[in-house]
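Remarks on the structure that follows.
Keep in mind that this is a model prediction, so the values were computed, not measured. Below, chains carry the letters A, B, ... as their sequence lines are ordered, and counting in each starts from 1.
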Amino acid sequence: MFRKLYPIFSLLAVAAMLLSACSPSTATTQPAATQVPAATKAAEPTATTAPAEPTATLVLWVDAQKAPVFQKVADDFLAKYNVKLDIQITSFGQIRDKFQTAAPTGNAADIIIVPHDQGAVLVANGLIAPLDLGNKKDSFLKSALDAFTIDGKLYGMPYVIENVALFYNKNLVTELPKTWEELMAMGKKLQEENKAVYCLGLPDGGYHAYALYTSFGGYVFGKDASGNYNPQDLGLDNEGSLKAVKFIEDNVKNGCLPSPLDGNTALQLFTEGKEPFFVTGPWNLASIKSSGVPYGIAGFPENGAPFSGVYGFMVNSKSPNVLLAQTFLTEFIATDDVMAQLSSGEMKASAYKPIFEKNTDADLLAFGQAGVNAVPMPNIPAMGSVWGSWGDAITLVITSKQESGAAMQEAAKKIRDVIANPLTGMVNAPGSYQAKAGCPGDWQPDCKVTEMRKSEDGKTYVSGPFKLPTGDYEVKVALDGAWTVNYGVDGKAGGDNIKFTLSADSEVSFSYDPETHILTVAIK
Amino acid sequence: MPSIKATYERLSTSQKFMRRFALVIKLIVAVIMVIFAIFPVLWIFSASLDPTSQLGSQSLIPRNAGLVNFQKLLNDPLMPFWRWIWNSVKISGITTILSVSITTMAAYAFSRLRFAGRINILKAIMLIQVFPSLLALVAIYLMVQQTGKIVPWLGLETHAGLIMVYLGGSMGINIWLMKGFLDTIPRAIDEAAMIDGATNWQTFTRLLLPLLRPILVVVGILAFIGTYGDFVLARILLSKAENYTLMVGLALFTDNQFAQNWGQFSAGALIGALPVVIVYLLLQDQIAGGLTVGAVKE
Amino acid sequence: MKIISNANLQVKIKSRESPLSRLMRWLFIFIFDLFSGWFIYQAFQSGYSQLAGVVAAVFILVNIVLIFSQAYPYRWMVIGLSFMILFAIYPMLFTIYVAFTNYGDGHLLSKDQALEEIQKDTYLPNTGKAYQWTAYKSPDNVYVLWLVDADGNTYIAKVGTALLPTKPGDPGVGQADSNGIPEAIEGFTRLNPILAASDKNLPQIKFGQEGQTVQVRSPSEAAELKPRYAYDANANTLTDQENGDVFYDVNGTYTSRTSGKQIVPGYQAVVGFKNFVDFFQSPALRGPLVQILSWNFIFPILSVASTFSLGLAMALLFNDKDFPLKKVFRTLLLVPYTIPAVITILIWRGMMNPDLGIINHITKSLFNFSPPWTSEPIWAQAAILLVNLWLGYPYFMLITSGALQSISTELYEAAKIDGANSWQTFRNITLPLLLVAVGPLLIASYIYNFNNFGLIYLFINGGPPISGATTQAGHTDILISYVYKLAFASSGRGVQYGLASAISIVVFFIVAALTLLQFRFTNMWEEVSKNA
């Protein structure tokens, strides 16, 4: 029966060959001669003619949308330096996951392109080499560099920034609204005149609607003194956030906003001219342009600050080409020419100052305007727990299953539950005795066997007695199941180990005074 | 076996009427089913014609409908679409042939031979399917990567390596299907052959295989579609566009958080469905081709 | 009705091996052993002990089966079993192993890899200096560096000799270019940064005198850097060379007992039953588990029942020989199976959009009612079942049309003579015989749907949400999608493969117990062994 398949196979093979013959060749054209870069030209022997093999190859993983722009960059790079940049197209959602699997085995790309909020976890896994941009550092927008800075070290070279903006239909909107109320009122009027289906295309109620939250004083995570996001400071149920969700709730009830809020529908209605306002980002610009709708791009009412995403290059720390990759970024990519290509190719604002400032594209300028005060999406792992519960709360509100206040408070509680350290409040006396007391090993601040409990008078924490053999021992006090807060000799934070010696097998108990932080060892 | 014509002649006129009436009912049911089956596909077709690359627009014929998506798809030098189809057909074809052979031989043993551990292996095959293989990907990746260091043509980026991994599933649930089918073929047939001096192998190849044709085709189609539609394994083992299978290539269009390119994806999915449809069209006669066990006299 | 296939005669295994086939067998064993023996050796040499172990298991299996004639029946399935060991059983063992480790974000690397990464961290000692560098290369591949320090002093650095303060224009040194870097150094050619960096060895070269060496660290910097951490293999500790802080190994993360600081990255370490304990203490178990579990049982049962019935109905419909255009019909009905579910699920979601979806459009104009597919629990569940029916019936249509061929026409003839009507024929002949062949597939389909994460996740991600639940959960969530939400998507701590594996094992035991129970309940094993 399989013989019957052979004709199909061969047919397809022939078709494939014919088609690949017709389609433009994918092979990059070799440069005519080794163009020795200006600086070295004088000293280079003049006899170099035939460009043999590329002197080295760098592998770059990039998603399909960006690939054409980068292929062009790669061609130029090969022509200029005779170093090959191998563009491997990988789906957007896969780059990070695949990199995590492949990098430890040495099979991943030398350079990857990721949004900043995905990069943090790769750094935590030790897969990314720190970057030194040298004197190029000042050529980048500070906010973009901050997005790729983790614990004070730079791990990526940013190149474009994206954020959402307020699109409006010029046929329906003549004057931009100053407040969110005004915006909805304008929409409502058009709706009543049968010119619009909804007042505002606002997908998902979370990411896209963030400007609404910030207008009213809401936020996701607050920042600590050193400017890092603080996962303990969740603002989703503060007054501002509640106001914003109430606003969404009211406008769904009066028919101004759709229920559910989905991006596809919003885009479609906008391109069909049935929606005066639409919150979206550069990724929909092409669709909107091609639909022919007369659109304008504006910032948000009431100084609403959207989230921003920064795209950048990260270098694989396990690559043998780390230096070359970094040099490629600082010497070739971080130049006016290439940065301009990347910015216009992706229709996103450049993170590279000389290009950002020179930008003349009206749409990009408008996006830049809308994003002047944009907040980089938090790159802390705790953010992972936010999206789901936040989205669910919005769904419950817009389907009138739950009132907005209750829904947001519940969501915030769920998020705090997940972020909270399950061992918060634990007092322990980790030390070199623990294994003998029944723990899996010594010096384990999270071992339940030696956990200290409140004494009956509630003034101290006690543990034991533990039966321990003769020997020298050391011990400390640690809180919350970790070493972050610990006390040693004389109750000193981060102090020396407390030592005790058993001259015979004995029973040992510990007691800890939370006021003085002093640990007492009782030997029986 | 009495022919249909003969059966017809024996029917009275009222029976004839009843038959016709039943046939009309059946036709109506079939048409309704076809609408149910095809309707969503029409929307995929619609999306493939929509130049704005959206999914599920309001009207079946999108505004400014055209073949832009098809043109873009077929002419993108970075996305060798025909190459992907060829890779997919090649990989699925080879996997199908090999895995059907493996499955059939194993099913023969389970059905006709008696040996220790028979039931337990059958049970194990079922239970392995139950295991949620959340981490199988990591394990398989490491294994193929390491194998490739020793035998390069079985490593990452090779289709041979991918086919090997797919064959890991050939001792799957299809063995149950095949065995169930074999069990319905009377034993007397092979026993007669054995008495005549045929070996197990001869009985299997000359007698049973022809009888198994319908189920071989079914299992083959299932294996082909299963392999053809996979992208979870393929996308982790392959990294270069020219090595991609169709599904890995198509996934590139949809994976971008906000900017999914549904137009080209739909166009690709439609063209990509053709090989499967062709294979089915060629083979469907074999499934219900009139062969029956009863034709073999006991 | 007696099942014809239930013959009682036992086929004897006859060893009628011809000399030729014996020769072939031993030849095969020889070649196989040669190749796989070499492979196992190579794998051990490369340090892939797990791979070597699995292949060795296959090696032993193949040899036993091919050498001993008692194992003859296994020869029929030895290839399949080998592949099964390699790509189905080994990944399971791997998962079980991972369940006892902390493998996941933050602990992705092996200990050696993590230490290597940690030891790359450097600091600039008080006496150290950093320079900007330019590389020059001689025809015999010797490098010198031109260094510029922060104060603008310039040096030539060679391997083995102290840094030599030099100015552009000095003897043997070319004139400075616009950046103050000499165009050439006698005997050496200036390299552009990319060309210099394309030599992988450059960062390893130590320029300058022993004890005060300079290495290329980044495109713009060469420095006298020292490694920050010193590793003590005996104590398994790292010491920060700058401030003397000692870091101890706590479950795969080097942690200071004084400052509490942790060194990134950690490594994969065995953590015992920690993942199982974490799972049983996690908020997941405080959520609406009963509700989720009951839907998790209802969903696959209804899915299998509906897809099987519709598939069988279609197979029967077209089993009729004189059905007009049946080839065309059958092919059209198979179409849902040929298009990737990823896209069709999303298309269905679009068609069921309450505002714009075509289905709601139609129901609105026909019945003036728009089903709330995404917001009302019962409608959402109905929608999932409908979509799954569409996705799944072609599978059963294919299988049952194949299996119908195995039923002897003589049985139908006999039934007809006995005066059975078509329903009786179906009920008493077709269905029982069919179930023999496809029964196990029904169970397999049940299992598949029990863990059908893709559909639930893509369609509405488990929604609509359950209001008032203490964890993030939806009305169409099944166990696996619910756990996924809690352990991955919204864990807030990145992906924890260790925990995920532990959960997989727990889920496996639940479903496995259920399946075995079901087998007992339906007498499946008797069915299987009856043929003995």
Side-chain angles (χ1 to χ4, degrees), chain B residues 1 4 26 30 34 37-38 40-41 43-44 55-56 58 102 105-106 108-109 112-113 115 119 127-132 134-136 139-140 143 146 149-150 165 167-168 170-171 173 176-177 180-181 183-184 186-188 191 199 214-215 218 229 269 273 276-277 280-281 287-288 292-294, chain C residues 4-5 7 9 11 16 39 42 46 48 51 73 76-77 79-80 83-84 86-88 91-92 94-95 98 317 321 329 331-336 338-340 343-344 347-348 350 356 398-399 401-402 405-406 408-410 436-437 440-441 444 447 451 500-501 504 507-508 511-512 515 529 531:
Chain B
M1 192 175 70
I4 297 132
K26 281 180 179 176
V34 166
I38 291 300
V41 181
W43 288 90
I44 298 174
L55 197 59
Q58 253 182 310
I102 293 173
M105 282 174 63
Y108 172 81
R112 290 302 197 260
L113 307 176
F115 52 92
I119 305 277
L127 287 182
I128 284 174
Q129 320 290 318
V130 177
F131 200 85
L134 271 165
L135 269 130
I140 287 173
M143 195 144 84
Q146 295 172 353
K149 295 271 175 196
I150 302 168
V165 175
L167 288 181
S170 58
M171 282 288 276
I173 198 68
W176 281 79
L177 177 63
F181 195 93
D183 286 348
T184 59
R187 272 294 184 67
E191 265 144 34
T199 61
I215 212 72
V218 168
V276 183
V277 174
Y280 180 73
L281 277 176
I287 297 178
T292 48
V293 178
Chain C
I4 286 188
S5 63
L9 281 165
V11 180
R16 263 185 270 167
F39 186 92
Q42 290 288 330
S46 317
Y48 307 145
L51 179 69
W76 287 84
M77 62 184 83
I79 304 175
F83 279 118
M84 189 167 99
L86 288 173
F87 298 108
M92 280 172 68
F94 182 80
T95 307
V98 167
L317 191 63
K321 283 211 167 52
F329 274 119
T331 311
L332 287 176
L333 285 181
L334 198 82
V335 161
T338 63
I339 296 174
I343 186 172
T344 45
I347 285 280
W348 273 100
L356 302 164
L398 253 180
I399 286 173
S401 358
Q405 307 313 313
S406 71
S408 163
T409 40
E410 280 163 14
V436 174
L441 301 189
I447 292 166
N451 287 329
S501 303
S504 320
V507 172
F508 171 72
V511 189
T515 313
S529 26
N531 222 324

Contact part of [X] toward chain C, heavy-atom cut-off under 4.5 Å: side chain, backbone, both or neither?
{"X": "B/Leu177", "result": "both"}
{"X": "B/Ile140", "result": "side chain"}
{"X": "B/Lys149", "result": "side chain"}

Step-by-step side chain to side chain contact (heavy atoms under 4.5 Å, CB included) determination, B/Ile150 to C/Tyr48: CA-CA 10 Å; B/Ile150 302 168; C/Tyr48 307 145; 4.3 Å; yes
If you take all heavy atoms of [X] and [Y], which pair is closest and at what distance?
{"X": "B/Gly168", "Y": "C/Ala88", "result": "O-CB, 4.3 Å"}
{"X": "C/Pro73", "Y": "B/Ala109", "result": "O-CB, 3.7 Å"}
{"X": "C/Ile339", "Y": "B/Ala269", "result": "CG2-CB, 4.4 Å"}
{"X": "C/Gly402", "Y": "B/Pro214", "result": "O-CB, 4.3 Å"}

Check whether any side-chain heavy atom of [X] lies under 4.5 Å from a side-chain heavy atom of [Y], and answer yes or no.
{"X": "B/Ile128", "Y": "C/Met84", "result": "yes"}
{"X": "B/Val34", "Y": "C/Phe329", "result": "yes"}
{"X": "B/Tyr280", "Y": "C/Thr338", "result": "no"}

When [options] are compared by non-hydrogen pairs under 4.5 Å with chain C, the top option:
{"options": "B/Met105, B/Gln146, B/Lys26", "answer": "B/Gln146"}
{"options": "B/Ala139, B/Pro40, B/Ala30", "answer": "B/Pro40"}
{"options": "B/Val165, B/Val218, B/Ile38", "answer": "B/Val165"}

Most chain B-contacting option - heavy-atom pairs closer than 4.5 Å, from C/Phe39, C/Trp348, C/Trp76: C/Trp76
Leading residue by heavy atom contact count with chain B [cutoff under 4.5 Å; candidates C/Val335, C/Ile79, C/Leu441]: C/Leu441
So for [X], is it side chain, backbone, both, or neither that comes closer than 4.5 Å to the heavy atoms of chain B?
{"X": "C/Ile447", "value": "side chain"}
{"X": "C/Phe94", "value": "side chain"}
{"X": "C/Leu334", "value": "side chain"}

Distance in Å, C/Ile399 CD1 paired with B/Phe181 CZ, rounded so as to fall on 0.5 Å steps: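 Going from the CD1 atom of C/Ile399 to the CZ atom of B/Phe181 covers 12.0 Å.
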Gap between atom CE of C/Met77 and atom CG of B/Leu113 - 0.5 Å precision: 7.5 Å
